[in-house]
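In this text, all values refer to a predicted model and were calculated from it rather than measured experimentally.
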Amino acid sequence: MTKLAKISFSKADAPKRGVVVILAADGLNLGTIAEEVASGLEGGLKRAADIAGFTGKKKSVLDLVAPAGSGIDRLVVFGLGKPEELTQDDWRAFGGAVFAQLQKAKAEAATVLLEGSDEIELSNEAVAEFVMGAKLRSYAFDTYKTKAKEDDGAKDLKLTVKVLDPKGARKAWGVSEAISDGVILARNLVNEPANVLGPVEFAKKAQELEKLGVEVEILGEKEMKKLKMAALLGVAQGSVRPPRLAVMRWNGGKKGDAPVALVGKGVVFDTGGISIKPAGGMEEMKGDMGGAAAVVGAMHAIAGRKAKANVIGVIGLVENMPDGNAQRPGDIVTAMSGSTIEILNTDAEGRLVLADALWYTQEKYKPAIMIDLATLTGAVLVALGNLNAGLFSNNDELADKLLSAAKASGEPLWRLPLSKDYDKLVDTPNADVKNTGGRWAGSITAAQFLQRFANDVPWAHLDIAGTAFGAPKDEICQSWASGYGVRLLNQLVADHYE
Ligand code: BES
Ligand code: MN
Ligand code: ZN
């Protein structure tokens, strides 16, 4: 598979050789420099467009082998539709689609003309978004492919982006590149199989953020026992691999400002435990650390772009296995908060991990807000499919900020309700709370459970079981793991906490 090896920005002029990509608005409207490139084809573009019925419609492509005399090898004309209607989402998707076209053509080097024109307004941010789309599209999880790399003949692609303001575009890309790298980090973590990525190995990945200036602290079993995290430890006790709690701190804001706290479910593999899952599709549960991966990816993005905010990431890392020492249905544990939990189903383990991670985070760091991300329930897939993550919150203002960040980042959220009556569904005669809420509204009862461990901090829970992996492939993601959440969390911090 073609990889995006190098990206550079330079001043817009008409490229004289190689593979060239230009943009066309509706009515085959080109920018002035693109017009100059097209004129080298001596009417060939107009003729080809007529024959192919290409008019510049949004997302349409005209891919031409250039005539010998023109100097260039190939001209790819990319349709924009109505430029005034284009959003950041569109520019990102265009970047992905253009990369796909170049990949199909096995191009080793290409020049993209993003000059803009009177009609095609192109900010540096839009250029950066375009490049992000190309970069995310180029991602493939091929770590374990030992043969294909030599066989498919695809070379790495060098992309030159020609713009009016290379300096400004480079700066905007600096920010977007940090975000893209965060998304790719999250995808890699989710795609990685559980035999390779256990709790200890995952914690090491979090530790690597120290390179970016993040302070990282790893708690082991001993420390967690001391903190009385029996809910998290109860899940971990069926695995021979010991649990970890990783804490990442980015202090980019004012000293003393209460931090934004991000908390992630990091179940490196979820067999269901003694309440074991059916075999079909169980391999997908290597992705049950998608929440933790999104938190690590977001911390990477935030630190990588040197955000002026205080942000803390906390991830609970365990493996849920059936074993002679595994916890049983009916067991009662006392969480760090002091609340007792009756475990009715050992497969409802994510909330147990988060119960202690959330309590610890709010007690130790007194955050301004606290957001957890978790591949928590199959029920959220029933409700929302793969296209929206479920949002739950005890605070309307925080929910609204998240909804607007979701729109701006292109990572959609849909709010679902919490209420006293739903809360009753996790009461039990045997303890303070039970870890399942019965057959119906499974995502809501899971969220009600979590709310009891958020302790009145403005808190939101994102159920990403449908969006973290297995979503349909799209312009910017061809991988099973999507990296969902990284762009959303980064956007929230950028828009509201810097
Ligand atoms: N990790 C699963 C949820 C999940 C399912 C994530 C499908 C991604 C895709 C979670 O730990 C789980 O097993 N939840 C149970 C809860 C039930 C036992 C109350 C579920 O959703 O069935
Ligand atoms: Mn489970
Ligand atoms: Zn799980």
Side-chain angles (χ1 to χ4, degrees), residues 2-25 29-40 66 70-80 83-84 86-103 107-139 155-184 301 304-307 476 487 490 494:
T2 308
K3 287 266 151 86
L4 192 50
K6 190 163 173 277
I7 298 156
S8 58
F9 297 90
S10 61
K11 189 99 190 138
D13 57 13
K16 300 280 184 307
R17 64 178 81 82
V19 178
V20 179
V21 181
I22 61 174
L23 307 178
N29 228 318
L30 308 179
T32 30
I33 303 177
E35 203 60 85
E36 196 186 316
V37 176
S39 73
S70 67
I72 65 176
D73 297 332
R74 196 176 194 110
L75 183 68
V76 181
V77 192
F78 199 82
L80 295 181
E84 68 279 6
L86 297 177
T87 62
Q88 293 293 89
D89 278 349
D90 289 323
W91 286 110
R92 203 182 320 112
F94 287 154
V98 165
F99 181 84
Q101 195 69 27
L102 295 171
Q103 189 172 46
E108 291 174 35
T111 307
V112 185
L113 250 179
L114 295 184
E115 44 159 349
S117 67
D118 289 349
E119 269 183 65
I120 306 169
E121 199 193 316
L122 239 168
S123 65
N124 287 326
E125 284 65 37
V127 171
E129 211 68 38
F130 177 97
V131 178
M132 183 197 276
K135 172 114 186 170
L136 294 181
R137 174 67 179 238
S138 77
Y139 172 83
K155 297 265 169 47
D156 289 348
L157 172 70
K158 279 197 208 113
L159 199 64
T160 304
V161 184
K162 299 232 170 209
V163 291
L164 295 178
D165 173 18
K167 216 173 133 204
R170 217 171 281 129
K171 192 165 166 225
W173 170 238
V175 172
S176 298
E177 188 175 25
I179 302 166
S180 310
D181 288 343
V183 175
I184 287 168
R305 66 176 181 81
K306 298 194 166 38
I476 60 163
R487 287 188 286 127
N490 173 72

Looking at every non-hydrogen atom in both residues, tell me the closest pair between [X] and [Y] and how far apart they are.
X	Y	result
Ser138	Lys3	O-CE, 4.1 Å
Ile33	Ala14	CG2-N, 3.5 Å
Ile72	Gly18	CB-O, 3.5 Å
Ile476	Gly133	CG2-CA, 3.8 Å
Ser10	Thr160	OG-CG2, 3.7 Å
Ala24	Leu30	CB-CD2, 3.5 Å

- Residues at least two apart in sequence or cross-chain that pass ring pair (Phe, Tyr, Trp, His ring centres under 6.0 Å) with Phe94, listed by chain then number, are Phe78, Trp91
Should [X] and [Y] count as side-chain neighbours, where that means a heavy-atom distance under 4.5 Å?
X	Y	result
Phe99	Leu159	no
Thr111	Lys162	yes
Tyr139	Val183	no

Using 0.5 Å steps for rounding, measure from the [atom1] atom of [X] to the [atom2] atom of [Y].
X	Y	atom1	atom2	answer
Ile7	Met132	CD1	CE	11.0 Å
Leu86	Leu23	CG	CG	9.5 Å
Ser180	Trp173	OG	CH2	4.0 Å
Ile179	Lys135	CD1	NZ	13.0 Å
Leu136	Ser176	CG	OG	9.5 Å
Arg305	Asp181	CZ	CG	13.5 Å

So does [Y] get a backbone contact from the side chain of [X], meaning a donor-acceptor N/O pair under 3.5 Å?
X	Y	answer
Lys11	Leu164	yes
Gln101	Val76	no
Arg137	Ala100	no
Gln88	Glu129	no

- Item | Full working for side-chain contact (heavy atoms from CB on, under 4.5 Å) between Asn124 and Lys171 | CA-CA 8 Å; Asn124 287 326; Lys171 192 165 166 225; over 6 Å; no
- Message: Closer than 4.0 angstrom, basic N to acidic O: yes or no for Lys6 and Asp156?
- Response: no
- Message: Phe130 vs Val161, test: side-chain contact (heavy atoms from CB on, under 4.5 Å). Steps then yes/no.
- Response: CA-CA 10 Å; Phe130 177 97; Val161 184; 5.7 Å; no
